[in-house]
Amino acid sequence: MSIDSRDQVLAILGSVPEGTVVSYGQVAEMAGLGRGARQVGRILKTLPEGTQIPWHRVVNASGYISVSEPGKTRQIRQLGQENIPVIGGRVDMKKYRWDPSENS
DNA sequence: TGTTTGACGCTCC
DNA sequence: AGGAGCGCCAAAC
């Protein structure tokens, strides 16, 4: 990963509205990483624990939480704080997926 | 340098 | 609707 794409990803995460989620592939696409969805996950994995960055708004394309424990529990809790229900370990993408084309 | 390993995604069935 | 199979991309061995 280049430092540039890493910053790109982090910038994008910062622009994701509260109460919405995005998929790894979506972020990769927006960051100019093409099909580098896995790379996005790798970048997030290297983030420090108490980071300010809203990494919890990122789930896989199916809406499932891709993080393994114990991070998974934290992510679900934080999503809950934003009124995003996580049922059966997954988020309803139909309702909560962020669409950049719809301005708030 | 070749193989394994994922915080992934799409297509088939 | 949900799982299996396969493609992808870097990093870690």
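Sequence lines set the chain letters: A, B, ... in the order given, protein chains first and strands last, and positions in each chain run from 1.
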Q: Find the distance between CD (A:Glu82) and OG1 (A:Thr20) and round it off to the nearest 0.5 Å.
A: 8.0 Å
Q) Closest to the A:Ser23 side chain: B:dA7, B:dG9, B:dC8? A) B:dG9
Q. Is A:Val40 reachable from A:Tyr64 through a run of I, L, V, M, F, W or Y residues, each pair having side-chain heavy atoms under 4.5 Å apart?
A. no
(Q) Looking at A:Glu29 and A:Arg35, is there a salt bridge between them, counting it only when a charged N and a carboxylate O are closer than 4.0 Å? (A) no
Q) How about A:Gln52: does its CD atom have over 12 heavy atoms from other parts shown lying under 6.0 Å from it? A) no
Q. Does A:Asp99 CG have over 12 foreign heavy atoms under 6.0 Å away?
A. yes
Q) Within this structure, what is the NZ-to-P distance between A:Lys72 and B:dA7, rounded to whole angstrom? A) 13 Å
**Q.** Spacing between A:Arg38 atom CZ and B:dC8 atom C1', to the nearest angstrom
**A.** 5 Å
Q) A:Ile76 has an atom CD1; how far is it from atom P of B:dA7, in whole Å? A) 16 Å
Q.
By nearest atom, which of the nucleotides B:dG9, C:dA10, C:dG2 is closest to the A:Arg90 side chain?
A. C:dG2
Q: Starting from P on B:dC10, measure out to CE on A:Met93 and report it in whole angstrom.
A: 10 Å
Q: Say whether A:Leu47 and A:Val9 are linked into one hydrophobic cluster, either directly or through other cluster members, by side-chain heavy-atom distances under 4.5 angstrom.
A: yes
Q) Atom CD1 of A:Ile43 to atom P of C:dA11: distance rounded to whole Å? A) 9 Å
Q.
So if I take every side-chain heavy atom of A:Leu44 and compare against B:dG9, B:dA7, C:dG7, which nucleotide ends up nearest?
A. B:dA7
Q: For the side chain of A:Arg42, starting at C-beta, report the closest nucleotide among B:dG9, B:dG6, B:dA7.
A: B:dG6
(Q) If you take any heavy atom closer than 4.0 Å to DNA chain B, which residues from residues 55-66 of chain A end up in contact? (A) A:Trp55, A:Asn60, A:Ala61, A:Ser66
Q. When the distance from CZ of A:Arg6 to P of B:dA7 is rounded to whole Å, what number comes out?
A. 19 Å
Q: Would you check, one step at a time, whether the test side-chain hydrogen bond (donor to acceptor under 3.5 Å, both in side chains) holds for A:Ser23 with A:Asn60?
A: CA-CA 5 Å; A:Ser23 73; A:Asn60 69 32; over 6 Å; no
Q) Whole Å only: how far is the CZ atom of A:Arg35 from the P atom of C:dG7? A) 13 Å
Q) What integer distance in Å separates A:Gln78:CD from B:dA7:P? A) 18 Å
